[in-house]
K.L.:
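The structure's right below; bear with me while I get my questions together.
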Amino acid sequence: MVEIIYPDGSKEEYADSVQVKELLGKLPRSISKKAVAARIAGVICDLDHKIAEGGDFSVITVDEPEGLDILRHSASHLMALAVQELFPETSFAIGPSIKDGFYYDFLLERNFTPEDLEAIEKKMRELLKTGDLQFIREVISKEEALELFSSRSQQFKVELINEIQDDTVSIYKLGSFTDLCRGPHIPDIKMLKHFKLLSLAGAYWRGDEKREMLQRVYGTVFFSADELKEELDRREEAKKRDHRKLGPQLGLFDIKEEAGGGLAFWYPKGFILRELVEGFWKKEHRDNGYEMIMTPHIARSELWKRSGHYDYYKENMFIINSSEGQEFVLKPMNCPGHILVYKSHLHSYRDLPVRYAELGTVYRNERSGTLHGLLRVRGFTQDDAHIFCTPEQLDEEVDKCFDLAHHILTTFGFHEYTVELSAHDPANMDKYAGSPEEWQMAESALLKAIEKRDIPFKKIAGEAVFYGPKIDLKLIDAIGRGWQATTIQFDFNLPRRFNVQYVDSEGKKEYVYMIHRALLGSIERFIGTLTEHYAGLFPLWLAPEQVRIIPVGKDFHEYALQCAEKMKKAGIRAECDLREERLGFRIRECELQKVPYAAVCGGDESENGTLDVRSKSKGRVGSKKIEQLIAELVDEVDRKA
RNA sequence: GCUGGUGUAGCUCAGCUGGUAGAGCAACGCAUUCGUAAUGCGUAGGUCAACGGUUCGAUCCCGUUCACCAGCUCCA
């Protein structure tokens with residue numbers, strides 16, 4: 001007897017096992033026709049699955065994220081089938097669905113070329129057209145599975161099967177391709193129509209750099225052509241926003257091969273942008289109870305031995321030898337320096353919290369393959385601060401960090417972000433610095449701050465590093481991508497290594513609670529992020545060049561210069577384009593340089609004291625009195641709109 | 001660091017199987033003095049990423065290094 005409970009609460013009993021497909025008829029057609037898979041008593045299964053035990057029944061449709069996952073996972077099987085037909089010697093690793101699509105990892109002698117990618121895609125389309133392909137699920141014993149896959153020399157599958165605890169495993173057949181797979185899969189292969197293979201890459205088996213390097217093929221698939229097009233457009237749009245291209249194009253920043261990877265050069269306009277970001281940051285920090293300090297770029301190795309970095313972090317540090325045999329370290333972090341400043345005198349509990357902030361430039365010897373534009377560099381300026389406080393002040397300090405981060409990030413135009421809380425693993429307390437009570441308090445302070453704000457967050461137990469729990473904030477940009485920015489971390493390690501203490505109300509010395517935080521993360525990465533978020537068209541208050549004045553001809557150069565002078569007096573960054581080029585040419589360049597406003601002047605304007613204004617975002621907006629224009633610009637800058 | 005790909009003028013890119021290179025844009029010069037996204041003509045510009053090897057001869061073939069790209073790994 002099988003009892004099925006439908007989503008609307010109605011129940012039905014079947015004498016024997018029943019196929020999911022038969023139950024679909026009981027659902028509204030608007031839902032059943034969109035079904036991809038089903039859920040019975042919380043377990044997901046294929047639509048042709050025979051249900052032997054009853055429970056709550058519902059379907060997974062094309063409208064749900066799970067439905068898309070299933071589609072993508074199925075696409076990876078189709079791709080594997082195509083690869084098997086084209087390259088029969090292939091060993092198959094894994095082929096999951098991922099955030100924007102799917103991939104499959106293969107091991108074969110041949111190195112895939114871009115032409116192979118096209119050939120695989122073509123083969124997939126052929127397979128789709130034959131029309132008679134479908135996923136067939138079978139459950140077999142582990143022994144049978146081992147025999148099956150080892151007879152086909154599929155060593156990765158054998159390895160996976162050996163790690164499965166159950167006595168039986170499920171396999172899925174799609175044409176001649178048989179895969180170890182939990183499923184479920186789509187009921188109709190035609191659903192895979194809207195796919196596209198995207199790229200080739202290398203990937204280690206099980207992400208372990210000591211094991212085989214596999215060839216990974218990425219692709220994506222959607223239920224509709226429109227959605228696929230949208231995703232491909234989004235990728236195009238992302239390319240256009242690439243800060244590595246926009247940086248040099250707009251005269252902001254670049255990386256120079258002559259200097260080495262991961263080292264940024266700031267051009268004049270980029271420096272203005274950087275100054276604006278830093279200036280705003282400094283003002284907000286002063287207003288929020290931080291004191292600015294500055295610590296040296298290099299320090300004796302002994303300091304880094306005491307902090308522990310010399311032992312744990314040496315691979316990432318640049319080490320310098322002096323001619324007198326003294327060894328120095330180019331600072332990879334600011335914390336030890338801040339601690340030395342804190343320890344310059346004895347602190348009473350009445351002094352706390354102490355908040356030291358520094359735009360501290362650090363250097364880390366990152367592995368060459370990890371470098372990426374301004375987002376991952378070897379030299380960068382952290383917008384760093386360390387807060388030294390008592391246990392009683394914890395909650396409030398974390399909360400204030402959050403407030404400040406929120407204020408600063410939203411002012412820069414990031415209104416959405418997600419939060420990740422990296423917590424300890426209770427089963428593994430040995431590896432952590434600090435006591436369980438301290439971890440408890442710290443994590444609760446972080447959690448309270450998140451929950452108070454009702455923002456989406458993930459808590460990941462065991463993700464914390466040994467010295468303390470942390471929260472990371474990920475900005476969501478204009479086209480929905482996430483960018484690492486704020487981090488708020490506890491440190492139970494350094495206060496002990498450096499004896500960072502305060503005198504409590506009873507005259508006893510206690511260790512401080514130390515919070516390490518960076519709101520923007522690093523100035524470099526943040527400006528890279530900003531550039532992509534705004535696609536180079538920065539809001540007026542951040543635009544390096546705010547207005548470009550373009551006189552139609554030589555006779556009006558004088559007037560243009562006068563207008564620019566007035567604007568500069570009002571704090572507007574205005575330039576004149578006095579080149580003897582046609583107006584259209586200069587307007588075009590102004591557009592390509594993404595200057596927010598162009599102001600054209602000729603006879604009419606010089607007689608009336610006006611400028612003909614053209615906005616980058618809105619096009620030509622018409623003539624305005626110079627005083628009025630200045631007032632409007634100043635207002636727009638003040639509002640940081 | 002690993003796998004694969006790439007490196008030609010300031011930028012974007014051509015250059016068949018080895019015989020030392022070309023276009024467009026930009027720059028510069030001349031003419032044009034122009035009203036909202038490219039005026040015309042001309043000139044100049046290259047150790048073909050660097051170093052080594054094979055060859056009579058290398059941008060091209062081989063090796064090493066550097067940088068960049070897609071990933072993996074890393075980010076105590």
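Below, chains carry the letters A, B, ... as their sequence lines are ordered, and counting in each starts from 1. Everything numeric here is computed off the predicted structure, so don't read it as measured data.
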K.L.:
Heavy atoms from C-beta onward define the side chain here; which of B:A38, B:C34, B:C2 lies closest to that of A:Phe585?
P.N.:
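Looking only at heavy atoms from C-beta outward on A:Phe585, the closest nucleotide is B:A38.
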K.L.:
Identify which nucleotide among B:G35, B:C72, B:U33 has an atom closest to any side-chain atom of A:Val552, counting heavy atoms from C-beta outward.
P.N.:
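The listed nucleotide nearest to A:Val552's side chain is B:G35.
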K.L.:
Should the side chain of A:Glu605 and the base of B:G35 be counted as holding a donor-acceptor pair, with the cut-off at 3.5 Å?
P.N.:
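Check passes, donor-acceptor contact within cut-off.
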K.L.:
Please work out if A:Gly602 contacts a base, only the sugar-phosphate, or nothing of the nucleic acid, heavy-atom cut-off 4.0 Å.
P.N.:
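Base, at least one base heavy atom under 4.0 Å.
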K.L.:
So what does A:Asp604 hit on the nucleic acid, given a heavy-atom distance under 4.0 Å: a base, only sugar-phosphate, or nothing?
P.N.:
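Base, at least one base atom sits under 4.0 Å.
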K.L.:
State, to 0.1 Å, how close A:Phe556 and A:Cys601 come at their nearest heavy-atom pair, and which atoms those are.
P.N.:
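Smallest interatomic distance, heavy atoms only, reads CB-O, 4.1 Å.
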K.L.:
The side chain of A:Ile255 lies closest to which of these nucleotides: B:C72, B:C68, B:C2?
P.N.:
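For the A:Ile255 side chain, the nearest candidate turns out to be B:C68.
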K.L.:
Mind calculating the distance between CG (A:Asp100) and P (B:G71) to the nearest angstrom?
P.N.:
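In whole Å, B:G71 P and A:Asp100 CG are 10 Å from each other.
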K.L.:
Got a salt bridge between A:Asp477 and A:Arg241, using NZ or NE/NH1/NH2 to carboxylate O under 4.0 Å?
P.N.:
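No, A:Asp477 and A:Arg241 are not salt-bridged.
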K.L.:
The side chain of A:Thr370 is closest to which nucleotide in this list: B:A70, B:U73, B:C68?
P.N.:
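Of all the options, the side chain of A:Thr370 is nearest to B:U73.
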K.L.:
Side chain of A:Arg588, heavy atoms from C-beta onward: which of B:A38, B:A76, B:A70 has the nearest atom to it?
P.N.:
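Closest nucleotide among those given: B:A38.
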K.L.:
Strictly by Watson-Crick or wobble contacts shorter than 3.5 Å, is anything paired with B:C34, and which nucleotide is it?
P.N.:
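Answer to the pairing question: none, since B:C34 forms no Watson-Crick or G-U pair.
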K.L.:
Would you kindly check whether a donor in the side chain of A:Glu257 faces an acceptor in the base of B:A67, or vice versa, at under 3.5 angstrom?
P.N.:
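No, the side chain and the base share no sub-3.5 Å donor-acceptor pair.
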K.L.:
Using a cut-off of strictly less than 4.0 Å, decide whether A:Arg367 has a side-chain nitrogen or oxygen near OP1 or OP2 of B:C2.
P.N.:
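The answer is no; no side-chain N or O of A:Arg367 sits under 4.0 Å from OP1 or OP2.
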K.L.:
Output yes when at least one side-chain N/O atom of A:Ser368 is less than 4.0 Å from OP1 or OP2 of B:G1, else no.
P.N.:
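For A:Ser368, the contact criterion (side-chain N or O under 4.0 Å from OP1 or OP2 of B:G1) is met.
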K.L.:
Measure up the A:Phe490 and A:Phe492 rings against each other and bin them: parallel (under 30°), tilted (30 to 60°), perpendicular (over 60°).
P.N.:
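Ring orientation, 0 to 90° scale: parallel.
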K.L.:
Just call it for A:Gly261: base, sugar-phosphate, or nothing, with non-hydrogen atoms closer than 4.0 Å on any strand.
P.N.:
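Counting heavy atoms under 4.0 Å across all strands, the contact made by A:Gly261 is with sugar-phosphate only.
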K.L.:
Does the side chain of A:His372 get closer than 4.0 angstrom to OP1 or OP2 of B:A70 through an N or O atom?
P.N.:
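The answer is yes; a side-chain N or O of A:His372 sits under 4.0 Å from OP1 or OP2.
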K.L.:
Side chain of A:Arg579: nearest nucleotide among B:A70, B:A27, B:U73?
P.N.:
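Closest nucleotide to the A:Arg579 side chain: B:A27.
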K.L.:
Between the side chains of A:Glu632 and A:Gln628, does any donor sit under 3.5 Å from an acceptor?
P.N.:
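Indeed, the side chains of A:Glu632 and A:Gln628 share at least one donor-acceptor pair under 3.5 Å.
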K.L.:
Any side-chain donor-acceptor pair under 3.5 Å between A:Asp179 and A:Tyr104?
P.N.:
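Side chains of A:Asp179 and A:Tyr104: pair found under 3.5 Å.
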K.L.:
Is there a Watson-Crick or G-U wobble partner for B:C72 with both distances under 3.5 Å, and which nucleotide is it?
P.N.:
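B:G1 is the nucleotide pairing with B:C72.
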K.L.:
Can A:Arg72 be said to sit on top of A:Phe222's aromatic six-ring, NZ or CZ under 6.0 Å from centre and within 45° of the ring axis?
P.N.:
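Yes, A:Arg72 and A:Phe222 form such a contact.
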K.L.:
Side chain of A:Arg376, heavy atoms from C-beta onward: which of B:U3, B:U33, B:C74 has the nearest atom to it?
P.N.:
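Among B:U3, B:U33, B:C74, the one nearest the side chain of A:Arg376 is B:C74.
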K.L.:
Should B:G7 form a Watson-Crick or G-U wobble pair with both distances under 3.5 Å, which nucleotide is its partner?
P.N.:
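When the pairing criteria are applied, B:C66 turns out to be the nucleotide that pairs with B:G7.
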K.L.:
Is there a donor on the side chain of A:Tyr204 or the base of B:G71 sitting less than 3.5 Å from an acceptor on the other?
P.N.:
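There is none.
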K.L.:
Would you mind classifying the nucleic acid contact of A:Lys616 as base, sugar-phosphate or nothing, using non-hydrogen atoms under 4.0 angstrom?
P.N.:
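Touches a base.
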K.L.:
Now, which nucleotide makes the Watson-Crick or G-U wobble pair with B:C13, with each of the two distances under 3.5 Å?
P.N.:
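When the pairing criteria are applied, B:G22 turns out to be the nucleotide that pairs with B:C13.
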K.L.:
Fit a plane to each ring of A:Trp439 and A:Tyr432, take the angle between them on a 0 to 90° scale, and name the class: parallel (under 30°), tilted (30 to 60°) or perpendicular (over 60°).
P.N.:
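Judged by the thresholds at 30° and 60°, the geometry between A:Trp439 and A:Tyr432 is tilted.
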K.L.:
Quick one: which of B:C69, B:U36, B:U3 gets closest to the side chain of A:Ile587?
P.N.:
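Per side-chain heavy atoms of A:Ile587, the pick is B:U36.
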K.L.:
Report the nucleotide, chosen from B:U36, B:C74, B:C34, that has the shortest atom-to-atom distance to any side-chain atom of A:Arg582.
P.N.:
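For the A:Arg582 side chain, the nearest candidate turns out to be B:C34.
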K.L.:
Rounded to whole angstrom, note down the C1' distance from B:A38 over to B:G24.
P.N.:
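Taking atom C1' in both B:A38 and B:G24, they lie 12 Å apart.
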K.L.:
So if I take every side-chain heavy atom of A:Tyr467 and compare against B:G35, B:A76, B:A37, which nucleotide ends up nearest?
P.N.:
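For the A:Tyr467 side chain, the nearest candidate turns out to be B:A76.
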K.L.:
What's A:Gly619 touching, base or sugar-phosphate or nothing? Going by heavy atoms closer than 4.0 Å.
P.N.:
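If one applies the 4.0 Å heavy-atom cut-off, A:Gly619 turns out to touch nothing in the nucleic acid.
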K.L.:
Need the pair for B:A27. Rule: Watson-Crick or G-U wobble, both distances under 3.5 Å, any strand; none if unpaired.
P.N.:
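Paired with B:A27, as far as the under-3.5 Å criterion goes, is B:U43.
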K.L.:
When we call it a touch if two heavy atoms are under 4.0 Å apart, what does A:Leu592 touch: a base, just sugar-phosphate, or nothing?
P.N.:
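Counting heavy atoms under 4.0 Å across all strands, the contact made by A:Leu592 includes a base.
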